Amino acid sequence: MKIHRDTACGELTAADAGREVALGGWVESARDHGGLLFVDLRDRTGVVQVVFDPGKDQELFRTAEGWRSESAVGVRGTVRRRLPGNENPRLRTGEVEVVPSEIETYSVARPLPFDVAHADAVDEALRLRYRYLDLRRSRMLENLRLRHRLFHAIRQFYTAEGFVEVETPFLTKSTPEGSREYLVPNRQEPGTFFALAQSPQIYKQLLMIGGLERYFQIARCFRDEDMRADRQPEFTQLDVEMSFVEEEDVVASTERMLVETVRDAAGIELPHPFPRITHAAAMLKYGSDKPDLRLPLEIVDLSAAFGKTGFEAFARTLAAGGVVRGLRVPGGGALSRRELDGLAEEARRRGAQGMAWLVAEAPGSFRSPIAKFLSEAELEALARETGVEAGDLILLLADQPAVAAAVLGWARLWAGERFHLADGAPWHPCWITDWPMFEWDEEEGRWYATQHPFTMPREEDLPLLEREPARVRAMKYDLVLNGYEIGGGSIRIASSEVQNRVLKAMGVEGVERFGFFIEALQYGTPPHGGIALGLDRIVMLLAGASSIRDIIAFPKAARAADLMTGAPAAVTPAQMRELHLRVT
RNA sequence: GGAGGCGUAGUGUAGUGGUUUAACACACCGGUCUGUCACACCGGAGAUCGCGGGUUCGAUCCCCGUCGCCUCCGCCA
């Protein structure tokens with residue numbers, strides 16, 4: 001390397017005029033006038049213009065003319081103010097330019113598979129295949145910087161609070177419940193497998209038993225489930241656990257951490273204290289356990305108003321233990337018939353028996369296919385309960401509570417999107433508390449846990465564990481931000497006796513797999529609890545990105561494929577033999 | 001596992017109510033150009049219209065299947 005850079009491109013200003021500098025970077029663009037060549041040189045700090053004049057140095061000019069976009073090059077030269085009138089106010093370094101005296105071509109770039117400078121519109125699959133080029137965009141670089149700033153702030157926060165970051169194993173033991181795991185064949189003993197950790201849950205509890213008292217970890221987790229825009233097969237979690245604490249301690253500490261680190265990393269002020277909403281209230285009012293509170297829409301229960309309805313469809317549902325609920329969409333009367341019918345169709349696709357719509361044309365006057373089935377008193381109650389005004393839309397639905405919540409919850413989000421209700425709205429974190437310990441699974445005909453089996457039931461509900469599981473509440477709290485679940489935690493079971501009862505009540509199979517853990521609980525377990533936060537989702541929200549892929553350096557595409565390396569891929573027969581594996 | 005959307009030069013798009021030379025912009029190659037910064041201008045090359053099958057005299061277009069990507073449902077204790 002002849003030219004060893006000593007200055008950053010993006011930081012040159014008029015104050016540097018006259019300085020001799022050595023720069024290194026990539027050719028962002030070149031404008032060749034034949035008798036004059038402008039090259040924009042970019043490094044991680046920004047862009048500066050380099051001017052080549054064949055009248056001054058024919059050889060330099062010739063060489064630079066051959067530079068292709070995105071080639072890696074070095075330039076030694078003198079900074080000078082641009083001639084008056086030739087400044088570029090849109091460039092941070094636009095007052096100056098560099099007159100080269102020596103240049104070096106580190107590496108010429110082949111013609112590119114896509115235009116790096118304007119890659120926003122490029123097919124994402126192509127961006128993923130050439131991720132290293134995609135990362136050169138300032139947008140991507142800034143996302144990774146933001147991610148780093150947040151992680152750094154988190155480590156600073158917990159370090160200052162006396163927490164210790166401890167690494168826990170990736171290669172661990174398969175657990176009977178929970179998400180599908182990635183398995184790693186064990187060469188040493190045919191037929192045995194490790195599982196990649198789906199979370200450090202058991203290990204962090206063992207650390208509490210081990211006396212760490214305050215633990216955190218920025219941990220990678222692995223789950224072999226289908227993907228979403230906010231889900232990757234491997235993702236990063238902030239894992240925290242504390243001893244001798246109650247629910248309030250974890251919630252307060254986490255809230256303080258998030259407010260401070262988000263302020264430090266992104267300059268965003270989260271309104272706090274975060275509101276707390278019970279799980280039951282969230283399901284009723286927002287139809288979701290991760291409500292987007294930016295949307296000023298609330299679902300209203302109208303079961304009482306329709307208690308004596310003559311409308312057969314509603315009456316039948318109510319008699320069968322169902323509910324009638326409505327959602328008022330201000331200004332929703334502007335929707336076309338086609339959109340309204342589309343809504344009802346999607347509602348059915350999502351499991352509802354149907355969804356009715358009513359448009360308020362004037363106070364007390366509704367346009368709707370079902371208006372004729374409803375009595376004056378019912379329409380009056382409907383208007384009163386929803387607070388409907390002329391021009392509004394009411395979506396009305398009678399179904400089992402879970403279906404009503406899910407479908408109106410979806411409709412609420414749809415309306416938010418359709419009418420841009422969240423655009424520019426302030427950040428809206430909240431806690432979801434008082435989760436039920438169990439929910440009934442209709443299909444499998446059994447109770448299943450709404451959280452992992454180590455969550456402590458409320459003391460006063462313990463006697464109900466075997467008799468009335470539906471009424472047992474969990475000491476669990478979820479953290480929600482703008483409609484995304486960004487974290488969840490709980491107070492853990494610190495007694496082997498209770499742990500056994502809960503595992504049994506959950507019908508966990510293969511309880512003996514947890515034997516080592518049950519035993520560990522018997523040697524002096526402090527009361528403890530903690531939380532885990534999805535850092536990828538948090539960074540995504542802070543970055544204003546719409547997918548978690550945009551804030552992960554090397555994310556996977558659908559079907560968990562790495563489009564760049566081609567993983568997953570077949571391995572050699574020799575590798576298979578060594579691992580005692582055969583593909584069937 | 002299921003539903004929907006997309007797939008046309010390197011990139012982004014257009015197009016064809018079925019038959020001709022598949023169009024435009026950027027990028028690329030060659031040329032002109034001393035103040036550009038989306039440089040400009042002239043010229044050129046570049047596409048088995050994702051893949052396979054079917055219907056047809058003829059398919060990029062219609063039908064079926066398949067693959068890939070994206071979004072959603074299920075799933076994610």
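Values in this document were obtained by computation on a predicted structure and should not be read as measured data. These numbers come from the heavy atoms of this one structure, side chains and all, not from hydrogens, waters or symmetry mates.
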Between B:C64 and B:C42 - P atom distance, rounded Å
47 Å
What is the separation between atom CG on A:Asp289 and atom C1' on B:C76, rounded to the nearest whole Å?
12 Å
Under the criterion side-chain contact (heavy atoms from CB on, under 4.5 Å), I'd like the reasoning laid out for A:Thr168 against A:Lys204: C-alpha separation, chi angles, the key distance, then a yes or no.
CA-CA 8 Å; A:Thr168 54; A:Lys204 71 174 172 179; 5.8 Å; no
Determine the interplanar angle of the A:His279 and A:Trp435 rings, folded into 0 to 90°, and report it as parallel if under 30°, tilted if 30 to 60°, perpendicular if over 60°.
tilted
Of the options A:Phe194, A:Phe170, A:Phe235, which is the one that meets A:Phe222 in a ring-ring contact (aromatic ring centres under 6.0 Å, His included)?
A:Phe170
Using the P atom as the reference point in each nucleotide, state the distance between B:U8 and B:U13 in Å, no decimals.
9 Å
Could you list the residues that satisfy side chain to side chain donor-acceptor pair (under 3.5 Å) with A:Arg294, not counting sequence neighbours?
A:Asp292
Distance between the C1' atoms of B:A38 and B:G12, in whole angstroms?
15 Å
Let me see the working for A:Glu142 and A:Arg44 under salt bridge (charged side-chain N to carboxylate O under 4.0 Å, His left out), right down to the final yes or no.
CA-CA 10 Å; A:Glu142 188 43 50; A:Arg44 69 183 196 287; over 6 Å; no
Any residue meeting side chain to side chain contact (heavy atoms under 4.5 Å, CB included) with A:Ala558, in chain and number order, not counting sequence neighbours:
none
Any strand: nucleotide that pairs with B:A23 via Watson-Crick or wobble, under 3.5 Å
B:U13
Summarise protein proximity over nucleotides 66-73 of chain B in one line of letters, 5' to 3': B for base, S for sugar-phosphate only, - for none, counting protein heavy atoms closer than 4.0 Å.
--SSSSSB
Determine the contact category for A:Pro113: base if any of its heavy atoms lies under 4.0 Å from a base atom, sugar-phosphate if only primed atoms, P, OP1 or OP2 are that close, otherwise nothing.
sugar-phosphate
Tell me if the aromatic rings of A:Phe454 and A:Phe514 count as close, with their centers under 6.0 Å from one another.
yes
Side chain to side chain donor-acceptor pair (under 3.5 Å) filter on A:Asn143, not counting sequence neighbours, yields none
Suppose the criterion is side-chain hydrogen bond (donor to acceptor under 3.5 Å, both in side chains): which pairs have a residue in residues 85-95 of chain A, not counting sequence neighbours?
A:Arg81-A:Glu95
Span that lies between the P atom of B:G17 and that of B:C62, in whole angstrom
10 Å
To the nearest Å, how far apart are A:Phe514 CZ and B:A77 P?
13 Å
For B:C37, the nucleotide meeting Watson-Crick or G-U wobble distances (both under 3.5 Å) is none
A:Gln237 has an atom CD; how far is it from atom C1' of B:C76, in whole Å?
12 Å
For B:G30, give the paired nucleotide (Watson-Crick: N1-N3 plus N6-O4 or O6-N4; G-U: N1-O2 and O6-N3; both under 3.5 Å), or none.
B:C42
Separation of B:A77 atom C1' from A:Lys204 atom NZ, nearest Å, is 14 Å
Using the P atom as the reference point in each nucleotide, state the distance between B:A23 and B:G52 in Å, no decimals.
23 Å
Specify the separation, in whole Å, of atom CG of A:Asp134 and atom C1' of B:G10.
16 Å
Watson-Crick or G-U wobble partner for B:U66, using a 3.5 Å limit on both distances?
B:G50
Sort out the partner of B:U71 for me: Watson-Crick or G-U wobble, both distances under 3.5 Å, none otherwise.
B:A3
Considering only the P atoms, how many Å lie between B:A47 and B:U11, rounded to the nearest integer?
12 Å
With the sugar-phosphate defined as primed atoms, P, OP1 and OP2, and the base as all remaining atoms, what B/S/- string results for nucleotides 27-43 of chain B, 5' to 3', for protein heavy atoms under 4.0 Å?
--S---BBBBBSB----
Rounded distance (nearest 0.5 Å) linking atom CG of A:Asp399 with atom CZ of A:Arg350
14.0 Å
Below 6.0 angstrom between ring centroids: does that apply to A:Phe52 and A:Trp67?
yes
Suppose you measure atom P in B:C6 against the same atom in B:G10; what distance do you get, rounded to whole Å?
22 Å
Look at the side chain of A:Ala121 and decide which nucleotide, out of B:C75, B:G12, B:A77, has an atom nearest to it.
B:G12
Distance check needed: B:C76 C1' versus A:Glu225 CD, whole Å only.
5 Å
Rounded to whole Å, how long is the line connecting atom CH2 of A:Trp410 with atom C1' of B:A3?
13 Å
Between B:U55 and B:A14, how far apart are the two P atoms, rounded to whole Å?
31 Å
